Amino acid sequence: MNSLASLRLCARPSITRPALRFPAFRPRMASSFQFAEGEDVPQLTRDTDSLLQQGWARDGDGMGITKTFHFKSYFKAVAFVNTIAAESASKKHHPTMTVRIGSVDVHWTTHRPRGFTQKDVTMAQHCDRGAGLMGAVDPGQAPAKARLQRPRPTEYPSTNGSEGPVPLQSPVTIKRQSSKSSLRNLFGRDKSRVEPKLDEIVETQLPEPQTAIFNDPMSPSLMSPRTIDSNPTITSPTDARSRTLKTARPPPDPKVPSQDQYGWKPPPLFQAYPQSAKHDTLPAPALSADTILRLHATTARSTQEDTPANALEQDETAAAARKKREQKQRKHLRTLSGTINKVEWTQKIYVLANVGYILQYAGEGKHDRLPERMLLLGPKSVAFASDAIPGKHWVLQVSHNSTADVSSSAPEPPKPRFSRFGFHKSNHRRLSQSFLLVFDNPEAMIGWLVAVRAEIEKRGGPKLTQEKHSDEDTMPQLRSKSSIRQMVKKDPHRISSLFLQPQNLQLQSPIEDDGQSVGGATWQSRRSSYTSVNRRSVIESRSGSVSTSRTEATNPTNGSSIASDVRSSSFTSSNFPNAPPTSDGVYRSDEPLPEELDRIFARSPPSSSQGKRQSFYKSPPPQPPPITDFTEIQDFPPVPEALVRSASPPAPNFSVPSFSKKFVPRGGPTPIHVSPPASLNGFVRRGSADQQLPAFASPPQSPTFSVASSRYTESSDHNYRRVLRPSNSEDALAKAARSAQNAPNFSRAPRTAPPTKPLPDPHSSRPLSLVGRSGMTPQTINEAEFESAPAPEPPRTKPPTTGPDSQTPPNMLRRKSMPGLGVTIGPPSAPPPNCPLPKLPRPANPIPAPTPAMVPIPAPVSTPGPAPVSVPVPAPAPIKVSAPSPATPSNPQTLSPWSPTSPTERFYGSQPVRDHVEDRRRSGANSGAESQPKPASRTARHSKLVKGPPV
Ligand SMILES: C[C@H](O)[C@H](O)[C@H]1CNC2=NC(N)=NC(=O)C2=N1
């Protein structure tokens, strides 16, 4: 392609005027600019002057600004253009760019209102930054060389052939269009091409990958959902080169861990940017996410081992043993957390390539540095808020369950592209990895969560539940989510160290964790369940979004009872896609939500079988088309939902709602609002069987919290609490509460808890929903997992909930995580609703304790259904949990621990919020689920969802 073509690809409007000539005369004074109306002239003048000093020049009419950026290669120029194009799309402000072999002319002006604006300034500044990242050079350096050294764009042997230059968009297209043969050809070509490229690269210092990488990588990556771990070495250009060479010569060895195995090469940073749907520079612990998760998992496992016994131990007698175990686990967790904290933190650049993979680059280095790590998103991939890193409240975990997730236990419907293309299955499994993206604020995390889930959904993963866009709650939701996490962690005491572990467990668990979660008797298990729950909740949150829509529908049923309730209910519904069924009345089929259902399915499955993650990932969706899935979902729904709910119920819900809202906007792709309703409807339609789900959903509704950020919290909390307590989290909740009180240190839990309220469940709010959402396969939960899960839960209070239902075990696992959630927020479980949970319920039982948080919600619902069953039981516990979370807000003690720092805390810490929370608690305590007034409305909903079963 020629430069113009490439430009066109990138820049929409302005492309038309490719040849803007930068004005010969470039006034150095901003005063000569014609600013558009409404601009802050003084500020704009200052900014403009600054730009003029950075090489920008006023355009001919003074209504715009121009600058030419120089690059050593055409590709770099294109990469730069793509970077700008991405930002333009994001900011909805587009430049006119002219791409030349070694340079790019950029012109910024505002068409409406006509004139020069702050937007132009901002974008121009972005250009300067992007140029730096892309390796812009001085005018004299690149052009000539580039031309001489590099073949013209048209000449480039792109993998595709002609389109070498346009790596950005091609990937997606390629994926879809490409067939095995085409892919292979591409790869083959790449290799052959490698040498030439290498030369170029060497010269330019660009990684060979550029051409090849782009083309190949993208398509391959697209093709394969697997996670690829690029060797650290890859990072260095040199390494990359060597790799390239190696790659090119010998076909990829399946055994070799290198990227080659996967059939594609990682793109250098500058190439990745243009393709990025999202990118951020984030702090990362020295320990890899996998390592962290493993640590947690290990702990969890140990816990799980105990789990079996735990299930039995649920009895008071067992309590002592549990405590001991928990203590041990806690120690482990603490150690882990300590380790993590001690580790050095470095800046990493994370790029979510629109091709479907997440790339991690060193924070610093050459523009063409290769990714250190890569994770290919696929239907089995899961994204959710994680507590894996102690002290970090806004951690997005993205895991690819190659093996464990879906494939192992549940049905992996579609093995997407890899199988098709003949990728090495072995690699798949090997690849499963996780990313832990540490954000400093919920918004950022959510943004990523939404984006990642959208990518997962694109790849056949569970559909993202579109969450309602309640403008209002967005912030609260997020906060609430965070609070949820905190809740979970703190509640359990575990929070500090435990937080990490659980998550890890969960993360790891997907594959292995499941067992853990299942068996996880002690803390870890619980925590893991917690985590899972949270995650689930996150996932659910999306579903929650769906549920939100449900909520609306629900509202009708409930009537005007309480707005907050409604929200909560909606959350619940969202959380418990399935829930609707249970609630029957609650969810109305008003809105058909095929998509949601599908999503739910996908999600629900996770809940069903494997621990948390799987449940998350299980999202059956991947395989089955949304609608189609629907049908399937119906089959699975009960279980999956239950699982989902149980798993993430409490937290997820909460988080989901809030997230959903937030997500929706960001997540553009998946409209939260719409889907939720559908899911609800679908659930409803599904029939009573799903009720369980609904029940869960309702708990998840904890979203109410989010909704209620103000009011919601209370009402939702109450509900959640009620529900949750009974179901999973009783133990967890109780513990959580304790922890909250005892462990002010656990800033997270406390913090998160409060915030969560706003949305669904403060506890789980953000992460969970988010997490849950990503496509979990709907796989049916492994019974084993469930069982194991239950065990863990028992240790905590949850066991009761889960214990009751052997079925719930799967849920239990989730619940484990959920317990925490539950603790934090009653309803977490609800979130999962989106996913049609296949068979979560029973397994959950074992995990009762863990699930609590989530379980609570589910429990009620689940009672009826398998997965949900666990939920019901937990209800009591959840309540406690919720109480704790609420406590945070209401209870100074709790609060102090949690929130001191986080915004969420502030939010919840606010007197009004606290009051609400306390009220909820009180009401919850009193009525448990239904009795209280405000709660009543909520309760009613819950009752719909939850009541039937558990209560
Ligand atoms: C609706 C949309 O946001 C507007 O048309 C945007 C698109 N991109 C734009 N880009 C530029 N450069 N100026 C504009 O006024 C503008 N308007």
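Indexing begins at 1, ligand by ligand and atom by atom, following the structure's order. The residues of the chain are indexed from 1 along the displayed sequence. Worth saying up front: this structure is predicted, and the values here are computed from it rather than measured.
- Using modelled atom types, one finds a donor on one side chain and an acceptor on the other under 3.5 Å when comparing D47 with Q118.
- When all heavy atoms of P442 and W394 are compared, the pair lying nearest together is CB-CZ3, 3.2 Å.
- Polar contact with ligand 1: absent for W108 (N/O pair, distance under 3.5 Å).
- S90 pairs by the side-chain contact (heavy atoms from CB on, under 4.5 Å) definition with nothing, not counting sequence neighbours.
- For R129, there are no side-chain hydrogen bond (donor to acceptor under 3.5 Å, both in side chains) partners, not counting sequence neighbours.
- Of the heavy atoms in T109, only backbone atoms (N, CA, C, O) come closer than 4.0 Å to ligand 1.
- Every N/O-N/O distance between D120 and ligand 1 stays at or above 3.5 Å.
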